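One structure is given here, and the rest of the page talks about it.
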Amino acid sequence: MPETAMRCSFCAKDKSEVERLIAGPGVFICNECVGLSAEILSGRPTSSFPPLDGKTDDELLADVARLNLSRGQVETAVRDRVQHLRSRSVTWARIGEALNMSRQSAWERFSGEE
């Protein structure tokens, strides 16, 4: 699987677009989203996100592309955990159940076998 750029899991900005990117287990959060979270938790008023109807087609296309790229890091985190579970002999049935899919679907998605 090709390596994907690290992106904020909340706003989907690339690490080069923000001052800092903090890693968690399979997710990332940028300093801007941490700041917004701190404002929300403190009860201070926050600026709202612009409505989608107020965005141009080009802005929406850019949003879609950025959000799509952040899916790769989540997929990598899920794959890493599935591999770790398999190394512990956890069954495909249990993994499938955790992912709300059949044992067969989990095996087909994550086993690497054909």
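Nothing here was measured: the structure is a model prediction, and the numbers come from that model.
Around CG of D57, the count of heavy atoms belonging to other residues, nucleotides or ligands within 6.0 Å does not exceed 12. Counted within 6.0 Å of CD on Q104, heavy atoms from surrounding residues, nucleotides or ligands total more than 12; the atom is thus considered enclosed.
Nearest heavy atom pair, residue S105 against residue M101, reads C-SD, 3.8 Å. Closest non-hydrogen pair, F110 versus E75, comes out as CE2-OE2, 3.9 Å. Between E19 and N31 the shortest heavy-atom distance is N-OD1, 3.1 Å. Between A106 and W92 the shortest heavy-atom distance is O-CZ3, 3.5 Å.
Between the CD atom of E108 and the CZ atom of R103 there is a distance of 9.0 Å, given to the nearest 0.5 Å. Put simply, CZ on R7 and NZ on K13 are 11.5 Å apart, with the number rounded to the nearest 0.5 Å. In this structure, CZ in R94 is found 8.0 Å from CG in L85, a value given to the nearest 0.5 Å. To the nearest 0.5 Å, atoms CZ (R81) and CD1 (I95) are separated by 13.0 Å. Atom SG of C8 sits about 9.0 Å away from atom CD1 of I22, to the nearest 0.5 Å.
Judged by distance alone, with hydrogens and angles left aside, the side-chain atoms of R79 form a donor-acceptor pair with the main-chain N or O of R109 at under 3.5 Å.
No side-chain heavy atom of T91 sits less than 4.5 Å from a side-chain heavy atom of W107.
A donor and an acceptor atom, one from each side chain of D58 and T56, are nowhere located under 3.5 Å apart.
Looking at I29, L36, V34 one by one, the single match for side chain to side chain contact (heavy atoms under 4.5 Å, CB included) with F10 turns out to be I29.
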